[in-house]
Amino acid sequence: QAVRPPFAWREFVLQVWFIARVSTVPGLLLTIPFCVITALHINVLLIDIGAADLSGSATGWAITTQIGPIVTVFVVAGTASTAVCAALGARTIREEIDAMRVMGINPVQALLVPRVAALTVCSTLLNAVVCTAGLGSSYFFTVYVSHVNPGAFAAGMPLICGLKDVTLSFAKATLFGLAAAL
């Protein structure tokens with residue numbers, strides 16, 4: 001049904017806005033502790049071996065490739081997908097789905113496909129927000145708590161984490177969002 005016209009663009013835009021509203025704050029609130037704990041563990045190890053200047057590269061890689069997509073799927077599956085399922089369940093109870101069938105409207109194409117597409121798109125966008133907030137929180141923790149030079153942290157970030165890792169992060173977030181939506 002996703003490839004058959006017409007696509008419900010209005011419903012898609014409304015669902016993207018709804019999912020962004022529902023999942024942004026929980027995503028940020030879940031990201032900060034995950035990233036600070038990761039930065040703490042990485043910093044303890046790197047300070048012990050005398051390589052604290054590389055904490056930017058290690059935390060940048062960990063947040064971009066692992067924590068970002070995982071937190072994204074937790075939030076998308078936990079908040080947004082649950083809200084979508086609750087709304088569709090309420091429509092079923094109120095017999096709106098049956099009324100749509102009687103009117104000749106395919107409920108899968110009108111309701112389900114835009115929501116799955118919106119969850120997939122929002123998981124990709126949320127991954128960007130989560131990775132940015134995670135890098136920012138780990139920067140502040142590393143610089144102000146672990147006393148690592150801020151220039152060394154920022155200069156070390158692109159050593160390990162490159163465009164390939166960022167692309168992989170967004171691909172993982174998109175696939176995880178699609179899986180959570182389905």
Side-chain angles (χ1 to χ4, degrees), residues 1-38 59-138 161-182:
Q1 295 294 326
V3 295
R4 298 173 82 191
F7 186 76
W9 287 104
R10 183 175 188 277
E11 187 70 22
F12 171 74
V13 171
L14 290 173
Q15 288 303 311
V16 166
W17 176 247
F18 171 73
I19 293 164
R21 274 192 346 238
V22 168
S23 60
T24 301
V25 172
L28 292 175
L29 292 176
L30 191 61
T31 298
I32 293 169
F34 267 87
C35 294
V36 167
I37 289 170
T38 302
T59 56
W61 179 83
I63 290 167
T64 304
T65 60
Q66 306 301 320
I67 294 173
I70 293 297
V71 167
T72 299
V73 75
F74 284 165
V75 171
V76 166
T79 60
S81 295
T82 304
V84 166
C85 287
L88 291 176
R91 285 181 178 223
T92 303
I93 290 171
R94 292 189 307 254
E95 297 179 354
E96 291 178 27
I97 306 292
D98 294 333
M100 289 176 77
R101 285 190 183 110
V102 168
M103 291 188 298
I105 300 171
N106 185 353
V108 171
Q109 192 172 14
L111 296 175
L112 198 59
V113 169
R115 284 166 172 77
V116 169
L119 283 163
T120 305
V121 167
C122 280
S123 67
T124 307
L125 299 175
L126 184 64
N127 184 49
V129 173
V130 163
C131 287
T132 303
L135 290 172
S137 63
S138 67
C161 186
L163 181 62
K164 179 186 78 159
D165 298 314
V166 173
T167 305
L168 178 68
S169 173
F170 281 104
K172 284 168 64 173
T174 303
L175 291 175
F176 289 165
L178 179 63
L182 292 175

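Heads up: numbering here begins at 1 and tracks the sequence.
Looking only at side-chain heavy atoms (C-beta outward), Gln66 and Thr38 stay at 4.5 Å or farther from each other. The shortest distance between side-chain heavy atoms of Leu14 and Phe18 does not fall below 4.5 Å. Ile70 has its side chain within reach of Phe176: a pair of non-hydrogen atoms, C-beta onward, lies under 4.5 Å apart. Counting heavy atoms from C-beta outward, Val16 and Phe12 have side chains that approach closer than 4.5 Å.
In terms of heavy-atom proximity, Leu28 sits nearest to Ala133 at CD2-CB, 3.4 Å. Closest heavy-atom contact between Cys131 and Gly68: SG-CA, 3.9 Å. Here the closest heavy-atom approach between residue Ser138 and residue Ile63 is recorded as OG-CD1, 3.5 Å.
Distance check: Leu29 CG to Thr24 OG1 gives 10.5 Å after rounding to the nearest 0.5 Å. Atoms CZ and CG, on Arg115 and Leu88 in that order, are 5.0 Å from each other to the nearest 0.5 Å. The OG1 atom of Thr92 sits 8.0 Å away from the CG atom of Asp98 when rounded to the nearest 0.5 Å. To the nearest 0.5 Å, atom CG of residue Leu30 and atom CD1 of residue Ile67 are 10.0 Å apart. Separation of atoms CE (Met103) and CD (Glu96) is listed at 9.0 Å; rounding is to 0.5 Å. Atom CG of Leu178 and atom OG of Ser123 lie 8.0 Å apart (nearest 0.5 Å).
The backbone N or O of Trp61 sits nowhere less than 3.5 Å from a side-chain atom of Thr64 that would complete a donor-acceptor pair. The main-chain N or O of Val36 is never found under 3.5 Å from a side-chain atom of Ser137 such that the two would form a donor-acceptor pair.
When each of Thr31, Val76, Ile19, Leu119 is paired with Leu126, the side chain to side chain contact (heavy atoms under 4.5 Å, CB included) condition holds for Val76 and for no other. Partner Ser169 forms a side chain to side chain donor-acceptor pair (under 3.5 Å) with one of Thr65, Thr124, Asn127, Thr72 and no other, that one being Asn127.
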